[in-house]
Amino acid sequence: MPGAAGDLKYRRALVKLSGESLAGNRGFGIDPPAIEELTHDIRRVHGSGVSLGLVVGGGNIMRGTVASARGMDRVSADYMGMLATVINAMALQDMLEQSGVETRVMSAIRMEELAEPYIRRRALRHIEKGRVVIFAGGTGNPYFSTDTAAVLRAIEMEADVIMKATRVDGVYTADPETDPEASLIDEIGYLEVMTRELGVMDAAAISLCKENALPIVVLNIKRPGAILAALRGERIGTLVA
Ligand code: UDP
């Protein structure tokens with residue numbers, strides 16, 4: 001069971017991992033050592049007493065918009081993307097369970113041999129019992145993203161915060177991977193993120209956060225301990241609120 005949660009600012013969190021974070025340096029597919037690295041941090045967060053849900057993307061395997069731009073039917077491509085998130089969820093589950101964390105995968109698309117169907121009340125029950133719930137299958141609908149799925153699940157599980165794990169330290173004034181002038185923003189409002197198109201999450205996801213006053217912390221998954229530090233209220237990454 002998780003430990004004492006006394007020094008935490010946020011006690012229940014939803015962590016959104018991109019599909020790419022499971023791919024390691026190759027940038028596509030599944031790289032078990034990369035996942036193992038991710039699980040160290042998740043295990044520590046869980047061990048500190050935080051109630052934890054995870055949503056993982058599918059971009060390391062399939063992205064609907066990219067495949068449809070190259071000739072595939074958008075809806076078919078989106079369903080393939082949702083299935084990709086199930087593959088990723090199972091990889092995460094395997095590595096987390098190997099490190100001693102009890103988990104459940106709950107899928108928005110029914111496939112009972114592999115994962116429980118997503119039922120909100122059951123998800124809450126798992127979380128209350130100290131299990132890490134990995135929400136797979138996105139929202140279950142085409143034309144959405146796993147960012148939107150993450151916000152939706154965060155609201156449904158009454159999370160205090162959503163942590164968006166990225167490859168950079170937070171939200172920048174421009175793309176830090178291409179623009180050397182880009183500087184890190186400590187804190188910013190939902191509306192400004194939308195109007196300046198800062199690419200934190202898609203507009204549907206941000207507006208859902210805004211309507212429900214759900215804070216987002218954007219942080220670098222490559223920095224060990226970043227998630228736990230942010231949960232303790234340290235100034236890590238960018239706070240969108
Ligand atoms: N997807 C979808 N509906 C959802 C969530 C995801 O159709 O509710 C599809 C969509 O095609 C998307 C793909 O699944 O491109 C993979 O998810 P995403 O691109 O959000 O993954 P990430 O960028 O986080 O790896």
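We count ligands from 1, going down the list as the structure has it; atoms in each ligand are counted the same way.
- The distance criterion of under 3.5 Å between nitrogen or oxygen atoms is met by Thr139 with respect to ligand 1.
- Partner Thr148 forms a side-chain hydrogen bond (donor to acceptor under 3.5 Å, both in side chains) with one of Asn141, Thr139, Asp202 and no other, that one being Asp202.
- For a threshold of 3.5 Å applied to N or O pairs, the pair formed by Gly19 and ligand 1 contains at least one separation below that value.
- For Tyr118 and Glu156, the side-chain atoms include at least one donor-acceptor pair closer than 3.5 Å.
- Taking every non-hydrogen atom of Gly59 and a distance limit under 4.0 Å, the qualifying atoms of ligand 1 come out as 21 (O), 22 (P), 25 (O).
- Comment: Lys9 does not engage Asp160 in a salt bridge, judged by the lack of any side-chain N to carboxylate O separation of less than 4.0 angstrom.
- Protein heavy atom in closest approach to atom 5 (C) of ligand 1: Ser145 C, 3.4 Å.
- A heavy-atom distance below 4.5 Å is not found between the side chains of Leu239 and Asp186.
- Nearest protein heavy-atom neighbour of atom 20 (O) of ligand 1: Thr146 OG1, 2.5 Å.
- When only interatomic distances are considered, the shortest N/O to N/O separation between Ala149 and ligand 1 does not fall below 3.5 Å.
- For the pair Arg12 (side chain) and Met157 (backbone), a donor-acceptor distance under 3.5 Å is present.
- Taking only nitrogen or oxygen atoms, main chain and side chain alike, Gly138 does not reach within less than 3.5 Å of ligand 1.
- Considering both main-chain and side-chain atoms, Asn141 comes within under 3.5 Å of ligand 1 through a nitrogen or oxygen pair.
- At a threshold of 4.5 Å between non-hydrogen side-chain atoms, the residues Val133 and Thr103 do not count as touching.
- Contacts of Val56 with ligand 1, taken as heavy-atom pairs under 4.0 Å, are absent altogether.
- When each atom of ligand 1 is checked for a heavy atom of Met62 under 4.0 Å away, the hits are 13 (C), 16 (C).
- Scanning Glu20, Arg63, Lys16 for the heavy atom closest to atom 19 (O) of ligand 1 points to Arg63.
- Under the 4.5 Å side-chain criterion, counting only non-hydrogen atoms from C-beta, Ser21 is in contact with Leu38.
- Close approach to Gly57 involves these atoms of ligand 1, each under 4.0 Å from a residue heavy atom: 21 (O), 22 (P), 24 (O), 25 (O).
- In the model, His126 has a side-chain atom that pairs as donor or acceptor with a side-chain atom of Glu116 under 3.5 Å.
- Among Ser18, Gly64, Ala23, the residue whose heavy atom lies nearest to atom 15 (O) of ligand 1 is Gly64.
- A salt bridge is absent between Asp31 and Arg26; no separation between the charged side-chain nitrogens and carboxylate oxygens falls under 4.0 Å.
- The shortest N or O to N or O distance between Asp78 and ligand 1 is under 3.5 Å.
- Geometrically, ligand 1 and Gly58 share a nitrogen or oxygen pair separated by less than 3.5 Å.
- What sits closest to atom 6 (C) of ligand 1 on the protein, heavy atoms only, is Phe144 O, 3.6 Å.
- Here OG1 of Thr166 is found 10.5 Å from NZ of Lys16. Values are rounded to the nearest 0.5 Å.
- Distances below 4.0 Å separate heavy atoms of Pro142 from the following atoms of ligand 1: 7 (O).
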Inset, instruction - Using the side chain to side chain contact (heavy atoms under 4.5 Å, CB included) rule, take Ser207 and Tyr190 through it: C-alpha gap first, then chi angles, then the decisive distance, then the call. - result: CA-CA 7 Å; Ser207 69; Tyr190 304 108; over 6 Å; no
